Amino acid sequence: MSISSEHKPLGKQVTGSLHMLSPIVELNVGGEMYTTTLSTLKKHPGSKLAEMFTGQPKLRTDSEGRFFIDRPGTYFKYILEYLRSNQVPTQCIQDVYKEALFYDIEPLIKQLEDSPQIFGELVARRQFLARVPNYSENIELMIRIARAEAVASRQSSVIVCVVRTEEDAARCQDALNSLDTDKKSVVKFGPWKAVPSISDLLDCIQMDVEAKGYKISFQPHVAEKGFRFKSHDFFYKFLFTWW
């Protein structure tokens, strides 16, 4: 005996208005399966997640008829926990924050931004790096130089000059000119007007390059004779290890 369409499970209905559907929703989020209620998904009416399930269906379905969301499914459980019980996640904070931004769940976004992990990144570290001229561009330049020098090598190195003040920049200029004459590429960071030190910036550089999947380390760069100051005060060698 055939089953009429009105008795099919919610997740397999893909036509008509969502307000006519059963309150139980089956989801496939990046390959992870979830079952929840329509009211849970629409708990915050202004969110992108609520809009997905308001009015006409805005989502594709998988082969089983479950609504499909093309996002990392691992972290969706934390989104659901928050929607169900207002429980702010304490694990995978950075990843859950990205998902909260995608689904535009404003209360969760604000609470996560108050967590030490997100607060430290957004308010402290990112605000500092915003005061370092061309920081992001210099990170990309370092990677391009390292990749260009990686042919048939296990490691390649990039010389970095870090100057915190205009005075330090002036002191380094002769050394930079000398390295340029020797056709050695140097990536210069700074100067900047903020409390963090040169060692703090070096840690940030390593952190952000490693976040792109590269294995790196750094050490003071010992300059050749002729420098008028200790080169290791401002010059460092970043080593990229490829295998």
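Bear in mind the structure is a predicted one, so any value in this text is a computation, not a measurement.
Here the closest heavy-atom approach between residue Leu41 and residue Leu49 is recorded as O-CG, 3.8 Å. Closest of all the heavy-atom pairs between Lys212 and Ile139 is CE-CG2, 3.9 Å. Scanning all heavy atoms of the two residues, the minimum distance from Ser156 to Ala146 falls at OG-O, 2.8 Å. Of all non-hydrogen atoms in Ile198 and Val162, the two that sit nearest each other are CD1-O, 3.7 Å. When all heavy atoms of Phe68 and Gly30 are compared, the closest pair comes out as CE1-N, 4.0 Å. When all heavy atoms are compared, the tightest approach of Tyr236 to Pro220 is CD2-CA, 3.8 Å.
Heavy-atom contacts from other residues, nucleotides or ligands closer than 6.0 Å to CD of Gln91 number 12 or fewer. When the shell of 6.0 Å around CZ of Arg84 is examined, it contains more than 12 heavy atoms from other residues, nucleotides or ligands.
In this structure a side-chain-to-backbone donor-acceptor pair under 3.5 Å is present from Arg164 to Val195. In terms of modelled atom types and a separation under 3.5 Å, the side chain of Asn134 and the main chain of Asn138 share no donor-acceptor contact. Looking at Tyr78, its side chain never comes within 3.5 Å of a backbone N or O of Gln87 through a donor-acceptor pair. Not a single donor-acceptor pair under 3.5 Å links the side chain of Arg131 to the backbone N or O of Ala194. Between the side chain of Trp243 and the main chain of Ser153, a donor-acceptor pair closer than 3.5 Å is present.
Between Lys193 and Glu166, none of the side-chain N atoms (NZ, or NE/NH1/NH2) sits under 4.0 Å from a carboxylate O, so this pair counts as no salt bridge. Ionic pairing of Glu99 and Arg71 is present here: one or more N-O contacts between side-chain nitrogen and carboxylate oxygen are shorter than 4.0 angstrom.
With sequence neighbours excluded, the residues satisfying side-chain hydrogen bond (donor to acceptor under 3.5 Å, both in side chains) with Lys43 are Asn86.
Listed by first and then second residue, the ring-ring contact (aromatic ring centres under 6.0 Å, His included) pairs involving residues 80-119 are Phe76-Tyr103 (not counting sequence neighbours).
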* side chain to side chain contact (heavy atoms under 4.5 Å, CB included) between Glu106 and His44: does it pass, once the steps are laid out? -> CA-CA 8 Å; Glu106 192 64 28; His44 297 286; over 6 Å; no
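For Thr40 and Thr37, the side-chain atoms include at least one donor-acceptor pair closer than 3.5 Å.
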